[in-house]
Amino acid sequence: MKRTIDTLEKRISDAMAAAAGRSDCAAIVRLSTDPKFGDYQANGVMALAKKIKTNPRKLAEQVVSNLDIADICEPPEIAGPGFINLRLKSDFITGRLLQINADVENRLGIEKEAQPRTIVVDFSCPNIAKQMHVGHLRSTVIGDCICRMLEFLGHNVIRQNHIGDWGLQMGMVVQAIETACFNLTSNDKYLLSLLSENPQKWENESLKRIDLNLEQLESLYIKTNKALEIGHPDFEERIRRLLVGLQHGETGCLIFWSKARDITLKECQRMYNLLNVTLTGKDIRGESFYKDDLHEVVDKLLKSKIAEKSEGAVCVFPDGFKNKEGQRLPFIVQKSDSAYLYATTDLAAIRYRINELKADKIVYVTDARQKLHFEMLFATARMAKWVGDDIELSHVMFGSVLGDDGAPLKTRSGENVKLKELLDEAVERAKAVVEEKNPNLPADKKQKIAEAVGIGAVKYADYSNNRTSDYVFSFDKMLAMDGNTAPYMQYAYARIKSIERKAQTKDVDIATELAGLERLDLTELAELELAKYLIRYGEAIDAAVSDYRPNYLTAYLYELAQKFSAFYTNCPVLDAGPDKRPTRLLLCDLTARTIKHGLSELLGIEVVEQM
RNA sequence: GCGCCCGUAGCUCAGUUGGAUAGAGCAACGGAUUUCUAAUCCGUAGGUCGCAGGUUCGAGUCCUGCCGGGCGUGCCA
């Protein structure tokens, strides 16, 4: 089932082309700004009239006379300076609803993309030896939604969790694990003896016994970091040696590193499961994966004269980038101490994604502060001809999560707020609300509802904000029952489910009433409004996915829930007469399916049967 | 200094290649519950879209300048 707006766009554009005798015509069909203008409006005639220097209203008349859309709309009306106003026929609306109802694939009548692409999405990207914190929330959640939407439309999505598991800090990570082993050894005679006699065996033995969780590892890492900052030359030298050892693949260093990686990834996976994010172990492809390609990246850039030595470092100077003195700005791919950095890794990753993963598009979901980095990265990759003109590189950026004070969200002591603590508190608060509103539910149900609502609220708040702007984090707002929040959406869904449960006690067989449904009765305004909105779901997804903006989807879902709530208060369902009831049951069913699909399939937010 | 992002109702924010009278939610005020979950609905009030120019049939949206804020700006990611 084609999207209505696309069909209208095509037909009107064609009619414009016929009227104007040229091919570059765009109807620019949009939702009407006001119900009195109908459902859709075409804005393109005025621009075209200007281009071909003619009277826009006359042109509009010509276009309309060429136009055959009687299967969809009432006769179009020309208004104002040259708008074409379109009102959907009620037959068309009911036809669509029935088609959605009959969709056996449960896709709510939404078609897959005619030309599926291979799209790599790079997101989440936690770091080794660090707990996920609020800074990872947006990338993880928005990236996941983008993947889900693209996949639903039939694209081949390849998730890439580009974790920070290589580079400068790894010396300290190795040191941290080693410290943990020493701590273990200090009161263990056997390990003590091994330490002097057989260091290799000591490493294996102590690692086997070590039982660190990520929190403990992180705290060791932080201590190491602090010790380094204070500045002991010996210690500094030791960390540097560990880093070099790791980079040269010394087994001792590698097994410590690998242990830290395992501890970290295990905990991250817990977070993904808790967040209902689709990432798994197979999506992990961190910086370390590219470590052996870095030399070649720099070498190729140097050989092709794209990179040059400057102040000891190897730099690329892409066109159009200037520094503060107005001189060309470097994209450093190798430091003067010959170490590689994230620019190098990112270039290696681009090559891998295009050559091995066969990406048509690569989408990076990272915060807005990295904008310049990605602009230079893309420019460099294109200069090197590693990325063809037919391949799209997108930096999907987002703003920061702020605290009440307007500064990036931190704890009182100035640390990043841990994601786990944030989610725990959200669930805790949601639980208090469930307890208050619905104390009679069994405890396990209350817990499930609290988890769905609490975590859903955090995610939904993130989605519903325009991703490019910063937003102020507020439990009170995201858990509010009014407004564009997860609980409001979940409540609307729960109300429909409640009707369904009630139906059984009233001997109403919903399945039977919906199965043979052929005629609908949309006489009430609230019914018609809801019906029209339901058939637009595909348009909302398209808008959200084509600009990677989940807030378009949440805005649609919210409005849908509002229209449902209006319908719910005005139109009794189960007590309606036999002529009205099937239509109303269908509206309930399709609303529930749409909300569930949007929340649970596309946003990864659980719905609940009762609240 | 330069670059990027932003500035919309008291607050938080939507606003889709420039479209008709700029929209929500919160807060405020008024109303609706013998009725499928009131965790709801309906209504009222609230605006110089930072300021000043410009482009045009038409600007919150595009251009220029200014004011205010955030971020970035050669060896972190």
Side-chain angles (χ1 to χ4, degrees), chain A residues 26 28 30-34 36-37 41 43-44 46-47 49-50 56 79-83 85 125 127 164 167-169 287 310-315 321-327 329-332 334-337 339 341-343 345-346 366-373 375 397 399-400 402 406-407 433-434 436-438 453 464-466 468-472 474 476-477 480-485 487-488 490-492 494-503 506 539 542-544 546-547 549 551-552 554-555 558-559 562 565-566 568-576 584 588 610-611:
Chain A
I28 312 183
R30 293 285 177 269
L31 296 176
S32 282
T33 50
D34 191 310
K36 76 181 181 211
F37 299 134
Q41 59 185 50
N43 300 333
M46 292 169 284
K50 193 196 290 190
F83 296 100
N85 289 335
C125 313
N127 296 311
L168 263 183
Q169 333 81 321
E287 295 171 341
S310 168
E311 296 176 29
V314 181
C315 305
F321 297 92
K322 294 206 168 72
N323 72 4
K324 46 191 161 192
E325 278 88 36
Q327 296 154 339
L329 190 66
F331 187 61
I332 300 174
Q334 186 170 24
K335 302 200 299 179
S336 48
D337 67 359
L341 13 70
Y342 78 134
T345 310
D346 275 340
T366 78
D367 69 286
R369 288 174 302 198
Q370 297 191 43
K371 190 171 188 284
L372 183 61
H373 167 73
E375 283 173 356
M397 57 182 184
S400 311
L402 308 178
V433 181
V434 179
E436 179 201 326
K437 301 285 183 186
N438 225 335
V453 171
S464 55
N465 277 290
N466 180 342
T468 54
S469 39
D470 300 345
Y471 75 93
V472 175
S474 159
D476 289 336
K477 279 202 177 128
M481 307 305 156
D482 309 315
N484 190 6
T485 65
Y488 179 91
Q490 289 162 321
Y491 178 64
R495 283 172 123 186
I496 302 174
K497 290 292 141 180
S498 179
I499 292 177
E500 291 175 7
R501 281 193 299 276
K502 209 79 168 194
K506 294 198 173 191
E539 294 172 6
D542 183 56
S546 59
D547 214 12
R549 287 184 189 275
N551 67 308
Y552 290 166
T554 56
Y558 177 54
E559 208 166 322
Q562 280 184 311
S565 293
Y568 180 91
T569 23
N570 289 307
C571 307
V573 178
L574 296 176
D575 293 335
R584 292 185 179 172
C588 286
Q610 279 173 280
M611 275 180 84

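Protein chains get the first letters and strands the later ones, always in sequence-line order, with residue 1 at the start of each.
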| said: Whole angstroms only, please: what is the CG-P distance between A:Leu372 and B:C2? | reply: 17 Å
| remark: Nucleotide by nucleotide, nucleotides 6-18 of chain B touches protein heavy atoms under 4.0 Å in the pattern (B base, S sugar-phosphate only, - none) ------SSSSBB-
| said: What's the gap between B:C6 and B:U12 when it is taken at their C1' atoms, as a whole Å value? | reply: 15 Å
| Expressed in whole Å, how much space separates the C1' atoms belonging to B:C75 and B:A14? | 42 Å
Check nucleotides 75-77 of chain B for protein N or O atoms closer than 3.5 Å to its own N or O atoms and list the pairs.
| unit_1 | atom_1 | unit_2 | atom_2 | d |
| --- | --- | --- | --- | --- |
| B:C75 | O2 | A:Ser336 | N | 2.8 |
| B:C75 | N3 | A:Ser336 | OG | 3.3 |
| B:C75 | N4 | A:Glu311 | O | 2.7 |
| B:C76 | OP2 | A:Lys335 | NZ | 2.5 |
| B:A77 | OP2 | A:Tyr342 | N | 3.1 |
| B:A77 | O3' | A:Glu287 | OE2 | 2.8 |
| B:A77 | N7 | A:Tyr342 | OH | 2.9 |
| B:A77 | N6 | A:Tyr342 | OH | 2.8 |

| said: Quick check, does A:Phe83 stack with B:A20? I mean ring centres under 5.5 Å and planes off by under 30°. | reply: yes
Among [options], which nucleotide sits nearest the side chain of [X]?
X: A:Asn85; options: B:C4, B:A20, B:G25; value: B:A20
X: A:Asn438; options: B:C36, B:A39, B:G19; value: B:A39
X: A:Ser498; options: B:C57, B:C41, B:U37; value: B:U37
X: A:Asn43; options: B:U40, B:G19, B:U37; value: B:G19

| said: Would the base of B:A32 count as contacting A:Asn570 through its side chain, where contact means a donor and an acceptor less than 3.5 Å apart? | reply: no
| request: List the steps and the verdict of side chain to side chain donor-acceptor pair (under 3.5 Å) for A:Ser474 and A:Asp476. | output: CA-CA 5 Å; A:Ser474 159; A:Asp476 289 336; 5.2 Å; no
| request: Under the ring pair (Phe, Tyr, Trp, His ring centres under 6.0 Å) rule, collect the residues that match up with A:Phe83, sequence neighbours excluded. | output: none
